[in-house]
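Convention: sequence-line order gives letters A, B, ...; per-chain numbering from 1. Computed from heavy atoms alone, side chains included, the values below leave out hydrogens, waters and symmetry copies. Please read all numbers here as calculations on a predicted model, not as lab measurements.
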Amino acid sequence: MHKKVLTIAGATASGKSALAIKLAKDFKGEIISGDSIQVYRGLDIGSGKIKKEEMEGVVHHLIDIKDPKESYSVYDFQKMGRLLIDAIERRGHLPIICGGTGLYIKALIYDYDFKEEKDFNNYEDIDDVSLHAMLKEVDPISAIKIHPHNRRRVLRALNYFEKNGSPISSNKTEKALYDALILALDMERSELYAKIDQRVDNMVKDGLLSEVEGLLKSGIAFNDQAMKGIGYREFEAYFKNEQSLEEVIQKIKSDSHNFAKRQYTWLRHQLPIEWIDIKTDYELIKERVRKWLDE
RNA sequence: GGAGAGGUAGCGAAGUGGCUAAACGCGGCUGACUGUAAAUCAGCUCCCUACGGGUUCGGCAGUUCGAAUCUGCCCCUCUCCA
């Protein structure tokens, strides 16, 4: 019998957090954040991190667990997430994953297999095309699937083969490890974009600029992983005097739009999602979850 | 009223006789996806009954085998001088 894991997905600013909290309160849940930026301490405003008082007493995991200088990846999320699911289960609570990072959610729920990673060869002096040709030699299937310009993926596949002696594709299965109900909030695109813009404006009002200044003052740099997040990285141009604050804000909005679009693409094609229109009455959602729990 | 500059696809902006349905950027859309995933990468974006057809570059009329590109007139915008 698989463990039940409720998942709330959806694009940025779609309202996942609020829904997750409501459900957590109604079903004795604990929330596991599936977010790659909110793990970092000090990145509060720009990451859209939920405030303590907004949690309404619901336990949140995997928020503020990393220093901005540290790295974080699916591997970490998957490992910790699985331990958390077990622990929450044991307490008799319902694990609720809440996040917009499709890969994280999928890697947690399905049997994605990651191994401890030591060294990684970047082949810095080899160009994209040659690198792709090298991959074609050892793993033709991946070579067909991965575009030569997508250096990051080519490197990954190449490194995988070198370490494991088998193509990365042979490692792929998609068995669900949990009994997961995956809900995702849906709304019209233009409405989402408007919400995003409004949220960005609010971030600025809440002091996003001084948050970034503070981070920089404390020694965090734009090339640290944490600062690669939307709402942070855009400020680099501002501090280099290349862009005005206005331009930076505009860029944050447009980066967020693009990001939201990519999230939709992922969720639509990679996960068995039950889409919930944003206007759906909460009681109906609650009923749906109850029915699933009773199954 | 006088002197200049200019009007190009949703926006910005190239193009100054054929190779142009028109570079490029933005915006919009679509897709790929097992370790930076808020990442990385690919495609589409005048219209259509779409391996072909139709209509474009302020308007109209010309020159030319052929025009966004040359000529004339007209309309509009901007800057400067009155």
Side-chain angles (χ1 to χ4, degrees), chain A residues 9-14 16 33-40 43 46-49 66 68-81 99-120 122 128 131-132 139 142 144-161 163-164 166-175 188-190 192-193 196-197 199-200 203 222-235 247 250-271:
Chain A
T12 16
S14 61
K16 320 184 268 297
S33 164
D35 191 292
S36 62
I37 301 293
Q38 296 188 6
V39 291
Y40 292 110
L43 280 74
S47 71
K49 195 182 290 172
K66 289 276 176 187
K69 286 275 175 197
E70 295 179 272
S71 71
Y72 185 65
S73 79
V74 222
Y75 172 74
D76 304 298
F77 173 74
Q78 186 196 53
K79 205 166 65 174
M80 293 189 281
T101 307
L103 177 66
Y104 281 22
I105 294 171
K106 194 166 181 179
L108 179 57
I109 294 173
Y110 293 84
D111 65 339
Y112 275 29
D113 178 33
F114 299 115
K115 294 173 177 69
E116 195 80 51
E117 200 165 77
K118 298 146 266 225
D119 44 311
F120 190 84
N122 278 310
D128 291 356
L131 207 62
H132 188 77
D139 183 356
S142 295
I144 287 166
K145 287 191 68 176
I146 305 170
H147 188 102
H149 292 171
N150 202 343
R151 170 169 263 259
R152 193 172 286 193
R153 290 260 171 76
V154 173
L155 278 171
R156 187 95 242 157
L158 205 53
N159 273 282
Y160 186 94
F161 183 87
K163 245 164 270 164
N164 301 287
S166 60
I168 193 166
S169 48
S170 69
N171 183 37
K172 292 182 188 175
T173 63
E174 290 198 356
K175 273 194 296 267
E188 209 154 307
R189 197 63 64 83
S190 55
L192 211 217
Y193 287 179
I196 287 173
D197 291 351
R199 194 160 88 137
V200 172
M203 286 175 181
F222 281 110
N223 57 10
D224 289 328
Q225 191 180 327
M227 294 300 273
K228 294 283 160 60
I230 294 170
Y232 295 97
R233 62 165 122 108
E234 293 87 354
F235 278 97
E247 288 172 308
Q250 201 44 55
K251 184 79 165 74
I252 292 174
K253 289 176 182 174
S254 107
D255 282 354
S256 301
H257 295 356
N258 295 163
F259 170 48
K261 189 137 50 57
R262 268 177 277 127
Q263 287 181 301
Y264 264 104
T265 301
W266 176 285
L267 296 174
R268 277 197 295 231
H269 299 276
Q270 302 287 138
L271 289 171

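Following rounding to the nearest Å, Lys16(A) (NZ) and A38(B) (P) show an atom-to-atom distance of 10 Å. Summarising the geometry, the separation between NZ on Lys251(A) and P on C26(B) is reported as 9 Å, rounded to the nearest angstrom. A32(B) atom C1' lies 9 Å from atom CG of Asn150(A), rounded to whole Å. At whole-Å resolution of the value, CZ in Phe114(A) and C1' in A37(B) are 11 Å apart. Between the CD atom of Gln270(A) and the C1' atom of G31(B) there is a distance of 11 Å, given to the nearest Å. Tyr264(A) has its OH atom 16 Å from the C1' atom of G28(B), to the nearest Å. G27(B) atom C1' lies 14 Å from atom CD1 of Ile196(A), rounded to whole Å. In this structure, CH2 of Trp266(A) is placed 12 Å from C1' of U40(B), rounded to the nearest angstrom.
Two residues are said to be in side-chain contact when any heavy atoms from C-beta on lie closer than 4.5 Å; Trp266(A) and Leu271(A) meet this criterion. By the 4.5 Å heavy-atom criterion applied to side chains, Ile252(A) and Met203(A) are not counted as neighbours. Lys49(A) has its side chain out of reach of Tyr40(A): every pair of non-hydrogen atoms, C-beta onward, lies at least 4.5 Å apart. The side-chain heavy atoms of Lys79(A) and Phe114(A), taken from C-beta on, include no pair separated by under 4.5 Å. Side-chain contact check for Pro167(A) versus Tyr160(A): every heavy-atom pair is 4.5 Å or farther apart. A heavy-atom distance below 4.5 Å is found between the side chains of Tyr193(A) and Lys261(A). In this structure, Val39(A) and Phe77(A) have side chains that are not in contact, with every pair of non-hydrogen atoms separated by 4.5 Å or more. At least one side-chain heavy atom of Ile230(A) sits under 4.5 Å from a side-chain heavy atom of Ser256(A).
In a base pair of the Watson-Crick type (N1 to N3 plus N6-O4 or O6-N4) or a G-U wobble (N1-O2 and O6-N3), with each distance short of 3.5 Å, C29(B) is matched with G43(B). Of all nucleotides present, none satisfies the Watson-Crick or G-U wobble test against A22(B) with each distance under 3.5 Å. Nucleotide G4(B) forms a Watson-Crick or G-U wobble pair with C78(B), both donor-acceptor distances falling under 3.5 Å. Under the Watson-Crick or G-U wobble criterion, with both distances below 3.5 Å, U49(B) has no partner in any strand shown. Across all strands shown, G72(B) pairs with C60(B); the Watson-Crick or G-U wobble distances both stay below 3.5 Å. For A13(B), there is no paired base (Watson-Crick or G-U wobble, both distances below 3.5 Å).
Closest approach to the Lys115(A) side chain among G35(B), A38(B), A32(B) is made by G35(B) (side chain taken as heavy atoms from C-beta onward). Distance from the side chain of Ile230(A) is smallest to A38(B) among C33(B), G35(B), A38(B). Minimum atom distance to the side chain of Arg189(A) is reached by U30(B), of the listed G35(B), A38(B), U30(B).
Within the 4.0 angstrom heavy-atom criterion, base atoms lie near Arg262(A). The residue Gly46(A) sits close to a base: some heavy atom pair falls under 4.0 Å. At a threshold of 4.0 angstrom between heavy atoms, the contacts of Ser254(A) are confined to the sugar-phosphate backbone, with no base atom among them. Within 4.0 Å of Thr173(A), counting heavy atoms only, lies at least one base atom of the nucleic acid. Here Tyr232(A) lies out of heavy-atom contact (under 4.0 Å) with every strand. Nucleic acid contact class of Asp113(A) (heavy atoms, under 4.0 Å, all strands): base.
Comment: Lys253(A) does not engage Asp197(A) in a salt bridge, judged by the lack of any side-chain N to carboxylate O separation of less than 4.0 angstrom.
A gap of 32 Å separates the C1' atoms of U8(B) and G1(B), to the nearest Å. Taking atom C1' on both A61(B) and A13(B), the two are 30 Å apart, rounded to the nearest angstrom. G66(B) and G52(B): their C1' atoms are spaced 23 Å apart (whole Å). Only the P atoms considered, A5(B) is 28 Å distant from G10(B), to the nearest whole Å. A67(B) and A22(B) have their C1' atoms separated by 13 Å, with the value rounded to a whole Å. Using atom C1' as the reference point in both C51(B) and C41(B), the two lie 28 Å apart (nearest Å). Distance check on atom P: G17(B) versus G28(B) gives 36 Å, rounded to whole Å. Rounded to whole Å, the C1' atom of G43(B) lies 15 Å from the corresponding atom of C33(B).
Sequence order on RNA chain B of the closest nucleotides to Tyr193(A) and Gly100(A) puts Tyr193(A) first from the 5' end. RNA chain B is contacted by both His149(A) and Gln38(A); Gln38(A) maps to the nucleotide lying nearer its 5′ end (nearest heavy atom per residue).
The side chain of Asn258(A) contributes no N or O atom lying less than 4.0 Å from OP1 or OP2 of A38(B). The side chain of Lys261(A) contributes no N or O atom lying less than 4.0 Å from OP1 or OP2 of G28(B). Within the structure, every side-chain polar atom (N or O) of Thr265(A) is placed at least 4.0 Å from both OP1 and OP2 of U30(B). Between Gln225(A) and A38(B) there is no side-chain polar atom (N or O) within less than 4.0 angstrom of OP1 or OP2. Considering only side-chain N and O atoms, Ser73(A) lies nowhere under 4.0 angstrom from the phosphate OP1 or OP2 of U36(B).
For residues 101-110 of chain A, proximity to RNA chain B is found at Thr101(A), Leu103(A), Tyr104(A), defined as any non-hydrogen atom under 4.0 angstrom from a strand atom.
The minimum heavy-atom distance linking Asn122(A) with Leu155(A) is given by the pair O-CD2, 3.5 Å. Counting all heavy atoms, side chain and backbone alike, Gly34(A) lies closest to Thr101(A) at O-OG1, 3.5 Å.
Scanning atom types as modelled, one donor and one acceptor separated by under 3.5 angstrom connect the side chain of Arg153(A) and the base of C33(B). Residue side chain Asp35(A) reaches the base of A38(B) through a donor-acceptor N/O pair under 3.5 Å, judged by distance alone.
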